[in-house]
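Okay, so here's the structure we're looking at.
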Amino acid sequence: MDLWDREREKNFFLDTLKSFASPEQLFYKLEDTYYAYIPKGFSAKGQVLQSRNSLIGHYTEKWCQKILAPIAHKLGLHAVQGVICEDIALTRQSPADVAFCTTPVAEQEAKNVKLIFEIKMSIVSNYRYDVQTRTISYYGDYTTHQGNPSLLRSDSMLKAIGKAINIRVSGDKASGIPLLVIGNSPITESYIEKVDFLKESGVIQGFWSLNPYPSESKSFLKRTPKKGFLTFENYEELEKACFSLLSTPFFYFSSMKTKKELGRIIAIASKESTDIERAEKFLALLRE
DNA sequence: AGAGCACCGCAAAACTGAAG
DNA sequence: CTTCAGTTTTGCGGTGCTCT
């Protein structure tokens, strides 16, 4: 199975054109040429293409569900789109894009949700569309056009982090559920330390790019030192990462306590006889 | 270079108000 | 009081582009 590449992007355009969309809904028309993005040096003259947004959003979420489905299956789980679970802040208006669940239905109980994915993918490279031949041709990578794709946008990162925090602060029921953000671009320099800290502190278990070659000419960021951000080279790496996340149960916790309180909690918890029991006691006391 | 504002299309949820 | 059609609000989606 292939990860994200230019063929997927071309297929998005061709599939969507074939089924119902007009070229005007998917491309910018500049000097009688259809472009996926505004190339640097051109101007969209204030108008922003909006009609493509939900289409590409839906397409990438569906694509992720498909590529994750066999992995979920090997774990005895299901990759479900649009998961709703009020207990962990996944409402009808703001569901999980994709989640691994024990049953294949959208409405879930918290204990049956095992892994949550937030999808933040878009068209990465630029393309031109030929109306006569109805073909798509590659025009340039993401450095050649104006808008930034996927996780290179600061507000995409903020939206993903915000959604994750919203789940983490919804209560205890989401504490054992890993949260992943999936994109198809690198991240910016300024988020390197932040994604690593988010991983170290347990808020978000990773930002994963499923696009091995977002740019062929330029070098790009493939991973961060503590692996808060990773670019997968192939399907097997993605599979391995999912497996390892679910191999050991873990628990998210956070707190703001005085040293005295913390010391008391540790002292009491340390009287338990095993590491697991000590951890359980510690977490229980933390929440008193 | 990149943070973040301003957009707009769409769909579902929430609200409003008039009719029964 | 309930119903229900119509209207407003909310939130997701990804984009261009200014300003620091």
Side-chain angles (χ1 to χ4, degrees), chain A residues 4 8-9 12-13 16 19-30 34-65 81-86 89-99 106-107 116-127 129 139-167 170 179 181-195 207 209-211 214-215 218-221 224 229:
Chain A
W4 191 262
R8 306 290 153 264
E9 308 197 340
F12 160 72
F13 289 117
T16 312
S19 49
F20 54 87
S22 65
E24 285 74 19
Q25 282 178 285
L26 300 180
F27 299 97
Y28 289 91
K29 196 174 185 181
L30 301 169
Y34 289 99
Y35 293 94
Y37 281 106
I38 305 291
K40 281 183 179 167
F42 285 67
S43 168
K45 296 177 183 115
Q47 60 167 353
V48 183
L49 192 64
Q50 306 288 357
S51 43
R52 193 171 75 203
N53 296 354
S54 64
L55 296 173
I56 183 64
H58 189 261
Y59 190 90
T60 55
E61 284 167 25
K62 182 72 206 161
W63 179 83
C64 282
Q65 189 274 328
Q81 249 181 294
V83 169
I84 299 161
C85 179
E86 300 283 347
L90 300 175
T91 60
R92 211 163 282 278
Q93 284 213 355
S94 181
D97 292 340
V98 177
E107 298 227 20
I116 293 174
F117 295 99
E118 171 69 16
I119 317 292
K120 284 264 173 284
M121 295 172 74
S122 57
I123 295 295
V124 177
S125 300
N126 202 3
Y127 302 87
Y129 177 60
Y139 187 67
D141 72 13
Y142 63 85
T143 61
T144 69
H145 53 75
Q146 309 221 29
N148 282 327
S150 190
L151 300 178
L152 284 169
R153 300 185 63 85
S154 62
D155 30 12
S156 286
M157 293 295 280
L158 288 175
K159 282 176 185 176
I161 295 167
K163 181 137 177 185
I165 298 285
N166 202 34
I167 294 170
S170 66
L179 304 180
V181 179
I182 292 189
N184 55 359
S185 78
I187 59 171
T188 59
E189 198 86 3
S190 53
Y191 271 94
I192 293 174
E193 288 184 11
K194 294 172 195 169
V195 296
F207 290 75
S209 169
L210 302 190
N211 187 1
S215 165
K218 283 102 183 164
S219 66
F220 54 92
L221 186 77
T224 53
F229 171 73

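Computed over heavy atoms, backbone and side chain alike; hydrogens, waters and symmetry mates excluded. The sequence lines fix the lettering, A, B, ..., with proteins before strands; numbering per chain opens at 1.
- Backbone-only engagement by A:Leu158 is indicated by non-hydrogen atom pairs under 4.0 Å involving sugar-phosphate atoms exclusively.
- The phosphate of C:dG16 has neither OP1 nor OP2 within less than 4.0 Å of any side-chain N or O from A:Tyr37.
- With sequence neighbours excluded, the residues that form a ring-ring contact (aromatic ring centres under 6.0 Å, His included) with A:Tyr129 are A:Phe27.
- As rounded to whole Å, 11 Å separates atom C1' of B:dC8 from atom OH of A:Tyr28.
- A side-chain donor-acceptor contact under 3.5 Å links A:Asp141 and A:Thr143.
- Rounded to a whole Å, the CZ atom of A:Arg153 is 14 Å from the P atom of C:dT18.
- When rounded to the nearest whole Å, the span between CG of A:Asn166 and P of C:dT10 equals 16 Å.
- Partners of A:Tyr59 according to the ring-ring contact (aromatic ring centres under 6.0 Å, His included) rule, which considers only residues two or more places apart in sequence or in another chain, are A:Phe12.
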Side-chain donor/acceptor pairs under 3.5 Å, residues 152-160 of chain A, sequence neighbours excluded:
| residue | atom | partner | partner atom | Å |
| --- | --- | --- | --- | --- |
| A:Arg153 | NE | A:Asp155 | OD1 | 3.4 |
| A:Ser156 | OG | A:Ser150 | O | 3.4 |

Determine, for nucleotides 9-14 of chain B in 5'-to-3' order, which nucleotides have protein heavy atoms under 4.0 Å from the base (write B), from only the sugar-phosphate (write S), or from neither (write -). S---S-
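- Every ring-ring contact (aromatic ring centres under 6.0 Å, His included) that A:Phe117 has, sequence neighbours left out, goes to A:Phe100.
- Candidate nucleotides B:dG4, C:dG14, C:dG13 were compared by shortest atom distance to the side chain of A:Asp97, and C:dG13 ranks first.
- Note on A:Lys120: a side-chain N or O is less than 4.0 Å away from OP1 or OP2 of C:dG13.
- Put simply, A:Arg52 has a side-chain N or O that comes within less than 4.0 Å of OP1 or OP2 on C:dT15.
- The stretch residues 48-62 of chain A participates, sequence neighbours left out, in no salt bridge (charged side-chain N to carboxylate O under 4.0 Å, His left out) pair at all.
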